[in-house]
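Note that ligands are numbered from 1 as they come in the structure, with each ligand's atoms numbered from 1 the same way. Because the structure is a prediction, the values reported are computed rather than measured.
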Amino acid sequence: MFEPHDIKLLKKLKKRTLLDLALIAPTSYEDTTLSSQIEEGKTLTARAVVKGSRIFNGRLYVELFLSDFNRTATAIFFKTTPYHKQLFSIGSEHVISGRAGYFRGSLQISQPKSLKSYGEITPKYKTVLKQSEIRALIAKYVTKENLIKAALKPNEIEAVLKLHFPKSISEVKQDGEFKEEIIQALKSAEAFNHLYKMRKKRTFTPAIKPLNGSIEPFLKDLPFTLTQDQLNAIEDIKKDLSSTKKAAKRIIIGDVGSGKTMVILAAAMIAGKDKSVLMAPTSLLANQLFEEAQKFVSKHLKLALVTQKNSQGDYKEADFIIGTHALLYKDDLPKAALIMIDEQHRFGANQRAMLDAMLKQEGRGAHFLQFSATPIPRTQAMIESELIDISTIKMLPFKKQITTAIIGRSEFNKLLEHIKAEIAQNRQVLIVYPLVEPSSEVPYMSLLEAKKYWQKNFKNVYVTHGKDDEKDSVLLEFRDKGDILLATTVIEVGISLPRLTTIVIVGAERFGLATLHQLRGRVGRQGLESFCYLYTNAKTPPKRLQEFSNTLDGFKIAMLDLKYRNSGDLLDGTIQSGKAFKWLDLSEDEEIIKEAKERIKKFTFAAV
Ligand code: ADP
Ligand code: MG
């Protein structure tokens, strides 16, 4: 649809589709239409004839006759320049535009411009292109006809056309803001455009082979029954893997402790002798997954472990190979029909690229399943499901009993009592500090400063942090022998610590809700009554901490996180507040996205 020259301009704008272009918003409008009335404080645009002029106190006063209003007015220029005197010579005719006001009952216009042309509303855009270029581009392509072809609804088309070609400012704006009906229509158009692009991007690769191994032998021996959500996820996977037409591409999202490992093992059973590979972000996790596989599926599948330090079994012979990214560097790894990664958000772009290569096999693709412990907001899931299938696990096998409380310095003694009581019951405490070393910018104790205090007053205190090389062994030793663990957020993807019942997060307001949620997910994993203390020096703790305290549901917290991120209430500089959408707000526009999704399903792609 676009001409070659215009495609270059679109590239500069980083836009691809007609709707990308159509949804660019003017930052302001220049309005040179003649005013129909004179309003104090507003811009007046009117035809005028100069009747006289004088200089007084260094100012230039020009007497005007406004023919359309049949009255006189005085234009004031605060600096007298020869240019102005010349321009407004007696008898000259103008269309002036300036702010109208009254002084002792007479009409005054301050510093008016003399317009070269009038009768137009010109949108001003802030883009990399020149005003004339972007305006021409929009005028050429953003037409009613093209918008109809792009499958917009009538109200959306109307809003887009008003946005760029308003007949009056009041058509698009009210009190200086875009009108609500315009915004709603543009949100809807933006959602539709985004989903359309996502859907077009999704590619399907034929699968290497369909996988139909039985999971019954595995289920039969489990010491517990799977939750409905676990079963649903397994059902989704079963359907995916039984296809030859397309290789599975699915992400299974479930909070920490929701039992994703069981789903992983079930998938490995379905792959059976056609082989599966599971990659984990750390050797600790790989080892833990290997142990679970040994426990639950070793009767049915030949297992192997591949990490840098520790390997077990013969991976060339194994049905189910578990490892770290060390797997990516083995060139004699057997071809597997199913590839899975656990804790997918922990993998870097580099590793993903290597993984992509591993998935492809002569024009066909291995089935690919990803597992993530980072719940995403519903709205985001609705959007991303255009690119990848999503299963969510919301139920937890154990009902979590975690009491969350915001505390401050005055509650410190009570906290100590609580910690002592927990330790006396053979339970463990984790205290998370915002920093390893002291910093003048952070008004909290650092890990290293706090260490002295805890080691002096308590026994079995362990310390670790992200840059600690001994992290893994410290964690393992703490699991078995420790009472108190002092750490930074490293613990975020640590091992499971069944006796851990209390977590104290120092400087909680400094962390994003997603991080707090991950941290809190460390306690109460086995259903023991647990506690999460959000320690803050803030006199009035931020509202988001309060809301966080009221729910344990990761998907709800993801929504909250979004809401507070958009509203700018975020002290945690690590999370970018960059908004992906111009009009749409993922924290509140669920209905709009739902509607756009319905529409996109019916939309035939030949149309554009
Ligand atoms: P995730 O990987 O989702 O964080 P895990 O798979 O590690 O969670 O499971 C957490 C714990 O719950 C493990 O000890 C696991 O054996 C146990 N578990 C998993 N599913 C169930 C279930 N349906 N009933 C009881 N316990 C379960
Ligand atoms: Mg897991």
Side-chain angles (χ1 to χ4, degrees), residues 215-216 218-237 250-269 276-298 305 307 320 322-324 340-347 369-376 390-402 428 430 472 475-476 479-480 491-501 503 514-515 517-528 530 552-555 557-558:
I215 59 169
E216 288 311 317
F218 154 73
L219 291 182
K220 177 164 81 42
D221 288 346
L222 281 181
F224 41 70
T225 50
L226 296 184
T227 65
Q228 191 55 47
D229 281 358
Q230 283 172 313
L231 291 170
N232 291 347
I234 293 170
E235 205 49 45
D236 289 343
I237 291 170
R250 178 175 294 278
I251 183 161
I252 292 89
I253 305 175
D255 249 324
V256 173
S258 62
K260 292 184 292 298
T261 312
M262 290 301 139
V263 180
I264 291 175
L265 297 181
M269 289 295 291
S276 45
V277 168
L278 168 64
M279 195 164 87
T282 65
S283 55
L284 204 64
L285 269 169
N287 275 287
Q288 203 173 18
L289 289 165
F290 182 66
E291 278 169 29
E292 297 214 55
Q294 281 180 316
K295 207 152 114 196
F296 297 110
V297 296
S298 59
L305 175 70
T307 68
F320 184 24
I322 297 167
T324 58
M340 297 185 273
I341 59 178
D342 196 14
E343 305 279 350
Q344 60 91 29
H345 59 284
R346 303 281 302 170
F347 287 95
L369 302 176
Q370 295 172 266
F371 294 81
S372 166
T374 310
I376 57 173
I390 301 179
S391 303
T392 50
I393 304 183
K394 293 194 174 172
M395 299 170 184
L396 300 176
F398 305 98
K399 194 170 174 302
K400 278 205 179 172
Q401 296 188 60
I402 307 177
Q428 296 175 313
L430 165 64
D472 288 3
L475 285 175
L476 286 174
R479 180 180 68 185
D480 301 331
I491 198 73
E492 207 179 316
V493 273
I495 51 168
S496 75
L497 302 164
R499 290 193 291 128
L500 191 71
T501 50
I503 181 168
T515 306
H517 178 64
Q518 292 290 334
L519 289 170
R520 184 172 58 181
R522 290 289 125 197
V523 300
R525 295 278 299 256
Q526 308 287 339
L528 288 178
S530 299
L552 291 173
D553 180 336
F555 291 87
I557 288 164

Run the side chain to side chain contact (heavy atoms under 4.5 Å, CB included) check on I237 and I252 step by step: do they pass?
CA-CA 9 Å; I237 291 170; I252 292 89; 3.9 Å; yes
Would you sort out whether D221 and F296 count as a side chain to side chain contact (heavy atoms under 4.5 Å, CB included), showing the intermediate values?
CA-CA 8 Å; D221 288 346; F296 297 110; over 6 Å; no
Would you check if there is a donor-acceptor pair between the side chains of N232 and Q228 at a distance under 3.5 Å?
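Note: Q228 and N232 side chains meet the donor-acceptor criterion.
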Taking atom [atom1] of [X] and atom [atom2] of [Y], what is their separation to the nearest 0.5 Å?
X	Y	atom1	atom2	value
I322	M279	CD1	CE	13.5 Å
L278	L289	CG	CG	5.5 Å
Q428	D480	CD	CG	8.5 Å
L226	M395	CG	CE	12.0 Å

Go through ligand 1 atom by atom and flag the ones less than 4.0 Å from a non-hydrogen atom of [X].
X	result
V256	4 (O)
T225	22 (C), 23 (N), 24 (N)
T261	2 (O), 5 (P), 6 (O), 7 (O)
F398	12 (O), 26 (N)
L226	23 (N)

Looking only at distances, please establish whether an N/O atom of ligand 1 is found under 3.5 Å from an N/O atom of G257.
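Yes; at least one N/O pair falls below 3.5 Å.
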Based purely on interatomic distance, does F224 place a nitrogen or oxygen under 3.5 Å from a nitrogen or oxygen of ligand 1?
no
Options M395, E343, Q230, ranked by nearest heavy atom to atom 20 (N) of ligand 1, top entry
Q230
Judged on heavy-atom distance to atom 3 (O) of ligand 1, which of K260, Q228, E292 sits nearest?
K260
Do me a favour and list the nearest non-hydrogen protein atom to atom 8 (O) of ligand 1 with residue, atom name and distance?
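It is G259 N, 3.2 Å.
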Does the side chain to side chain contact (heavy atoms under 4.5 Å, CB included) test come out yes or no for M269 and V297, once each step is laid out?
CA-CA 8 Å; M269 289 295 291; V297 296; 3.9 Å; yes
Would T374 and Q518 count as a side chain to side chain contact (heavy atoms under 4.5 Å, CB included) here? Give the steps.
CA-CA 8 Å; T374 310; Q518 292 290 334; 4.0 Å; yes
Considering only heavy atoms from C-beta outward, does the side chain of V523 approach that of T501 to under 4.5 Å?
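In short, these two side chains do not touch, never coming nearer than 4.5 Å.
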Would you say atom 15 (C) of ligand 1 makes contact with the protein, given that contact here means a non-hydrogen protein atom less than 4.0 Å away?
no
Heavy-atom protein neighbour under 4.0 angstrom from atom 25 (C) of ligand 1
yes
Examine the proximity of ligand 1 to F371 and report which part, side chain or backbone, both or neither, has a heavy atom under 4.0 Å away.
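For F371, there is no contact with ligand 1 at all, from either part.
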Where's the contact between D255 and ligand 1, heavy-atom distance under 4.0 Å: side chain, backbone, both or neither?
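Backbone only.
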Non-hydrogen atoms of S258 versus ligand 1: any pair closer than 4.0 Å?
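Right, S258 reaches ligand 1.
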